[in-house]
Colleague: 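Just dropping this structure here.
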Amino acid sequence: MKYYSTNKQVAPASLQEAVVKGLAADRGLFMPEKIKTLPAEFYENIDKLSFQEIAYTVADAFFGEDIDAETLKAIVYDTLNFDAPVVPVSEGIYSLELYHGPTLAFKDVGGRFMARLLGYFIKKEGQTDVNVLVATSGDTGSAVANGFLGVKGIHVYVLYPKGLVSPIQECQFTTLGQNITALEVDGTFDDCQALVKSAFMDEELNAKLNLTSANSINVARFLPQAFYYFYAYAQLKKMGKEKEMVICVPSGNFGNITAGLFGKKMGLPIKRFIAANNRNDIFLQYINTGVYTPKPSVSTIANAMDVGDPSNFARVLDLYDHSWEAIKSEISSCSYTDEQIAETVANTYRDTKYLLDPHGAVGYRALQEGLKPNETGVFLETAHPAKFLETVERIIGVSVEIPQKLQEFMKGTKQSIELGKDFAGFKAYLMKK
Ligand SMILES: *Cc1c(COP(=O)(O)O)cnc(C)c1O
């Protein structure tokens with residue numbers, strides 16, 4: 001299958017080119033040229049299939065023409081060696097827990113899938129080393145770094161904003177060593193993302209280093225996120241609750257929700273979506289006015305969503321042929337302050353004993369306020385609350401148990417290289433590699 005650029009200024013690319021390049025040469029984002037509808041029998045029997053079986057069917061629809069069945073199956077099964085349960089929280093509202101992977105956040109799914117797919121392409125081509133650049137607002141860095149750790153022929157550079165990620169998040173990508181280098185940038189997430197984008201556009205750098213991106217702009221990272229929307233539906237169907245399903249996605253760069261929108265295009269019966277935001281409300285403003293105005297990001301307690309110019313907005317526009325009406329009819333939005341997020345974590349814990357993380361709290365609150373009678377709401381619980389330990393403990397006044405997997409990361413020593421936010425300094429550093 002071919003992948004076209006959302007800017008449509010360059011010829012469509014193969015899957016391998018799209019995955020290795022990350023971003024199209026015209027700075028557009030790659031989109032699969034076909035979105036296949038899955039057969040009715042699949043949806044009828046979905047509740048009898050495992051997470052891995054469901055995911056393989058979805059993966060086959062996108063990647064089946066380019067990867068042999070056995071390899072693709074191995075990549076999918078190996079990626080999903082953990083569960084994503086749907087758990088009831090309150091009347092009509094369920095949490096899709098996406099934090100059961102190795103770094104306890106949903107990004108493990110895309111990170112692990114992409115690492116395995118890229119590894120496969122490199123081996124197949126006998127290709128030279130690839131350098132992966134990834135900007136992180138918190139969780140991407142750890143999911144990508146851990147997904148790629150020890151993969152031969154690939155070096156990963158993680159760019160993160162100094163002082164703006166939680167200590168636990170930081171240790172998950174600064175303590176790994178091997179083929180992982182952490183770059184601590186004196187700036188915001190948007191500055192990190194701008195550095196990565198500029199690096200891809202720099203001919204001299206690209207001539208020297210084989211660069212690729214592992215941000216959610218990469219098709220191999222964002223498309224696999226569709227898997228768990230299907231699995232959530234399967235679990236609700238098992239409970240007889242799948243009618244009028246509303247999915248609420250705590251959103252930052254809009255990669256996660258875009259994967260869900262792809263699912264809907266493939267026939268998954270989702271009634272509508274809510275994109276839940278913290279104070280970075282660019283999408284809400286767009287829904288309200290029809291005008292997209294990027295703004296510098298502001299920092300919040302749901303820091304993985306502190307994004308002022310969501311990259312995947314270009315994909316949302318493309319999916320709906322740039323129609324504001326069409327987008328508004330399927331996706332609504334809302335924005336919450338830090339005080340409202342904290343209040344939601346505290347009240348939910350008090351009333352239900354369910355402990356939300358600050359991102360999931362944004363999603364839960366949006367359903368509490370926006371669900372209509374007869375609708376069933378599922379919010380994506382995008383990370384484990386212990387990843388935001390100080391914040392969550394301060395809010396609920398109770399100490400939170402740190403899962404074993406997280407404790408292991410905290411034992412390592414931090415290794416990182418400090419950089420300014422100017423591109424010249426970043427380029428000079430990479431040119432010496
Ligand atoms: C990355 C992240 C988000 C935002 O996901 P996008 O795909 O960028 O919209 C939400 N919550 C957590 C915990 C994250 O790590």
Colleague: Check whether any side-chain N or O of Thr212 sits under 3.5 Å from a backbone N or O of Val19 as a donor-acceptor pair, and report yes or no.
Modeller: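 Yes; judged by distance alone, with no hydrogens or angles, the pair exists.
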Colleague: Indicate yes or no for a side-chain donor-acceptor contact from Gln235 to the backbone of Ala84 under 3.5 Å, with no hydrogens or angles considered.
Modeller: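 Yes; judged by distance alone, with no hydrogens or angles, the pair exists.
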Colleague: Got a sec, which pairs hit salt bridge (Lys or Arg N to Asp or Glu O under 4.0 Å) with one end in residues 157-183, sequence neighbours left out?
Modeller: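 The answer is Lys162-Glu418, Glu170-Lys414.
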Colleague: Can you name the closest pair of heavy atoms from Leu104 and Lys405 and give their distance?
Modeller: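 That would be CD1-CB, 3.9 Å.
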Colleague: Check whether Asn7 reaches the backbone of Gln9 with its side chain - one donor and one acceptor, N or O, closer than 3.5 Å.
Modeller: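 Here the side-chain-to-backbone pair does not exist.
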Colleague: For Lys411, give me all partners under salt bridge (charged side-chain N to carboxylate O under 4.0 Å, His left out), at least two apart in sequence or on another chain.
Modeller: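 Listed in chain order: Glu408.
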Colleague: Could you list the residues that satisfy side-chain hydrogen bond (donor to acceptor under 3.5 Å, both in side chains) with Glu369, not counting sequence neighbours?
Modeller: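 Glu369 satisfies side-chain hydrogen bond (donor to acceptor under 3.5 Å, both in side chains) with Tyr336, Arg365 once adjacent residues are dropped.
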Colleague: Examine the side chains of Ser297 and Asn280 and answer whether a donor and an acceptor come within less than 3.5 Å of each other.
Modeller: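 Side-chain D/A pair, Ser297 to Asn280: absent.
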Colleague: Would you kindly say whether Thr103 and Asp108 are connected by a side-chain donor-acceptor distance under 3.5 Å?
Modeller: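 Asp108 and Thr103 do have a side-chain donor-acceptor pair below 3.5 Å.
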Colleague: At their closest point, which heavy atom of Gly252 faces which heavy atom of Val307, and how far apart are they?
Modeller: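 Closest approach of Gly252 to Val307: O-CB, 3.5 Å.
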Colleague: Would you say CD of Glu33 has more than 12 non-hydrogen atoms from neighbouring residues, nucleotides or ligands within 6.0 angstrom?
Modeller: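 Yes, the 6.0 Å shell around CD holds more than 12 heavy atoms from other groups.
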Colleague: Where is the tightest heavy-atom contact between Gly141 and Thr136, given as atom of each residue plus distance?
Modeller: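 Reported closest heavy-atom pair: N-OG1, 2.9 Å.
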Colleague: Test of understanding: with side-chain hydrogen bond (donor to acceptor under 3.5 Å, both in side chains), list the residues that count as partners of Asp26, not counting sequence neighbours.
Modeller: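 Partners of Asp26 under the side-chain hydrogen bond (donor to acceptor under 3.5 Å, both in side chains) test: Ser5.
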Colleague: Between Leu367 and Ile274, is any pair of side-chain heavy atoms under 4.5 Å apart?
Modeller: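 The answer is yes; the side chains approach within 4.5 Å.
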Colleague: Taking only residues two or more places apart in sequence or in another chain, which ones pass side-chain hydrogen bond (donor to acceptor under 3.5 Å, both in side chains) with Thr376?
Modeller: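 Result, side-chain hydrogen bond (donor to acceptor under 3.5 Å, both in side chains) vs Thr376: none returned.
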Colleague: Quick test of your reading: applying side chain to side chain donor-acceptor pair (under 3.5 Å), list the pairs with at least one residue in residues 243-252, sequence neighbours left out, ordered by first then second residue.
Modeller: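 Listed once each, the pairs are Glu244-Lys271.
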Colleague: For residues Asn278 and Asp306, is any side-chain donor paired with an opposing acceptor at under 3.5 Å?
Modeller: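 There is such a pair (donor and acceptor under 3.5 Å, judged by atom type) between the side chains of Asn278 and Asp306.
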Colleague: Do the ring planes of Tyr286 and Trp324 sit parallel (below 30°), tilted (30 to 60°) or perpendicular (above 60°)?
Modeller: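 Taking Trp324 first and then Tyr286, their aromatic rings stand perpendicular (interplane angle over 60°).
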Colleague: Provide the closest heavy-atom pair for Cys334 versus Ala366 in the form atom of the first, atom of the second, distance.
Modeller: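 Reported closest heavy-atom pair: SG-CB, 3.4 Å.
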Colleague: Could you tell me which non-hydrogen atom of Val392 sits nearest to which non-hydrogen atom of Leu356, and how far apart they are?
Modeller: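 Taking Val392 first and Leu356 second, the nearest heavy atoms are CG2-O, 4.4 Å.
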Colleague: Under a 4.0 Å N-O cut-off, is there an ion pair linking Lys36 with Glu65?
Modeller: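 Salt bridge: yes.
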Colleague: Sort and list the pairs that fulfil side chain to side chain donor-acceptor pair (under 3.5 Å) and have at least one residue in residues 381-398, not counting sequence neighbours.
Modeller: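 Matches after skipping sequence neighbours: Asp139-Lys387, Gln172-Lys387.
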Colleague: Is there any salt bridge (Lys or Arg N to Asp or Glu O under 4.0 Å) pair reaching into residues 287-296, and which pairs are they, with sequence neighbours excluded?
Modeller: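 Checked against salt bridge (Lys or Arg N to Asp or Glu O under 4.0 Å) - neighbours excluded - the pairs reaching residues 287-296 are Asp281-Lys295.
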Colleague: Less than 6.0 Å separating the ring centroids of Phe51 and Phe82?
Modeller: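 Centroid distance Phe51-Phe82: not below 6.0 Å, so no.
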Colleague: Counting only heavy atoms not in Arg272, do more than 12 fall under 6.0 Å of its CZ?
Modeller: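 Count over threshold, so yes.
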Colleague: Is there a donor-acceptor pair closer than 3.5 Å between any side-chain N or O of Thr348 and the backbone N or O of Val345?
Modeller: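 Absent.
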Colleague: Check this for me: does any side-chain nitrogen of one of Lys197 and Asp190 sit under 4.0 Å from a carboxylate oxygen of the other?
Modeller: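 Judged by the 4.0 Å cut-off on N to carboxylate O distance, Lys197 and Asp190 do not form a salt bridge.
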Colleague: Would you say NZ of Lys265 has more than 12 non-hydrogen atoms from neighbouring residues, nucleotides or ligands within 6.0 angstrom?
Modeller: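 Counting neighbours around NZ of Lys265, more than 12 heavy atoms of other residues, nucleotides or ligands fall under 6.0 Å, so yes.
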Colleague: Using modelled atom types only, decide if a donor and an acceptor are shared between the side chain of Asn179 and the backbone of Ile154 within a distance under 3.5 Å.
Modeller: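 Looks like yes, one N/O pair under 3.5 Å.
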Colleague: Taking atom types as modelled and ignoring hydrogens, do the side chains of Tyr160 and Gln169 form a donor-acceptor contact shorter than 3.5 angstrom?
Modeller: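 Looking only at side-chain atoms, Gln169 and Tyr160 do not form any donor-acceptor pair under 3.5 Å.
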Colleague: Tell me every residue that passes side-chain hydrogen bond (donor to acceptor under 3.5 Å, both in side chains) with Glu17, counting only those two or more places apart in sequence or in another chain.
Modeller: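 Glu17: no side-chain hydrogen bond (donor to acceptor under 3.5 Å, both in side chains) contacts found.
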Colleague: Any chance you could lay out the side-chain contact (heavy atoms from CB on, under 4.5 Å) test for Val58 and Leu38, step after step, and finish with the verdict?
Modeller: CA-CA 8 Å; Val58 177; Leu38 297 176; 4.3 Å; yes
Colleague: Would you confirm whether Asn45, through its side chain, and Lys48, through its main-chain N or O, come within 3.5 Å as a donor-acceptor pair?
Modeller: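 Side chain of Asn45 to backbone of Lys48, a donor-acceptor pair under 3.5 Å: no, none is there.
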Colleague: Show me the pairs that pass side chain to side chain donor-acceptor pair (under 3.5 Å) and involve residues 144-156, at least two apart or across chains.
Modeller: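 Residue pairs passing side chain to side chain donor-acceptor pair (under 3.5 Å), neighbours aside: His155-Thr181.
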Colleague: Pair Leu96, Tyr229 - check side-chain contact (heavy atoms from CB on, under 4.5 Å), show working.
Modeller: CA-CA 9 Å; Leu96 171 60; Tyr229 290 89; 5.7 Å; no
Colleague: Is any side-chain heavy atom of Tyr4 closer than 4.5 Å to one of Asp318?
Modeller: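 Result yes, sub-4.5 Å side-chain heavy-atom pair found.
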Colleague: So which atom in Val219 and which in Ala18 form the shortest heavy-atom distance, rounded to 0.1 Å?
Modeller: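 Scanning both residues, the minimum pair turns out to be CG2-CB, 4.1 Å.
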Colleague: Going through the checks in order, is the side-chain hydrogen bond (donor to acceptor under 3.5 Å, both in side chains) test met by Asp191 and Thr188?
Modeller: CA-CA 5 Å; Asp191 294 323; Thr188 63; 3.3 Å; yes
Colleague: The criterion is salt bridge (charged side-chain N to carboxylate O under 4.0 Å, His left out); which residues satisfy it with Lys372, sequence neighbours excluded?
Modeller: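 Listed in chain order: nothing, the list is empty.
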Colleague: Answer yes or no: does atom NZ of Lys241 have more than 12 heavy-atom neighbours from other residues, nucleotides or ligands under 6.0 Å?
Modeller: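 Not more than 12 within 6.0 Å, no.
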Colleague: Go through the steps to decide whether Val291 and Gln285 satisfy the test side-chain contact (heavy atoms from CB on, under 4.5 Å), and finish with yes or no.
Modeller: CA-CA 7 Å; Val291 183; Gln285 295 310 327; over 6 Å; no
Colleague: In sequence, state the C-alpha distance, the side-chain angles, and the governing distance for Val400 and Leu355, and then conclude on side-chain contact (heavy atoms from CB on, under 4.5 Å).
Modeller: CA-CA 9 Å; Val400 174; Leu355 184 56; 3.9 Å; yes
Colleague: Going by side chain to side chain donor-acceptor pair (under 3.5 Å), name the pairs with one or both residues in residues 73-92, residues two or more places apart or in two chains.
Modeller: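 As it turns out, the side chain to side chain donor-acceptor pair (under 3.5 Å) pairs with a partner in residues 73-92, which skip direct neighbours, are Asp78-Arg116, Asn81-Arg112, Asp83-Tyr231, Ser90-Tyr364.
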Colleague: Answer yes if the side chains of Thr71 and Asp68 hold a donor-acceptor pair under 3.5 Å, and no otherwise.
Modeller: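 Indeed, the side chains of Thr71 and Asp68 share at least one donor-acceptor pair under 3.5 Å.
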Colleague: So if I apply the ring pair (Phe, Tyr, Trp, His ring centres under 6.0 Å) rule between Phe254 and each of Tyr292, Phe313, Phe283, which one comes out positive?
Modeller: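 Checked Tyr292, Phe313, Phe283 against Phe254; only one passes ring pair (Phe, Tyr, Trp, His ring centres under 6.0 Å): Phe283.
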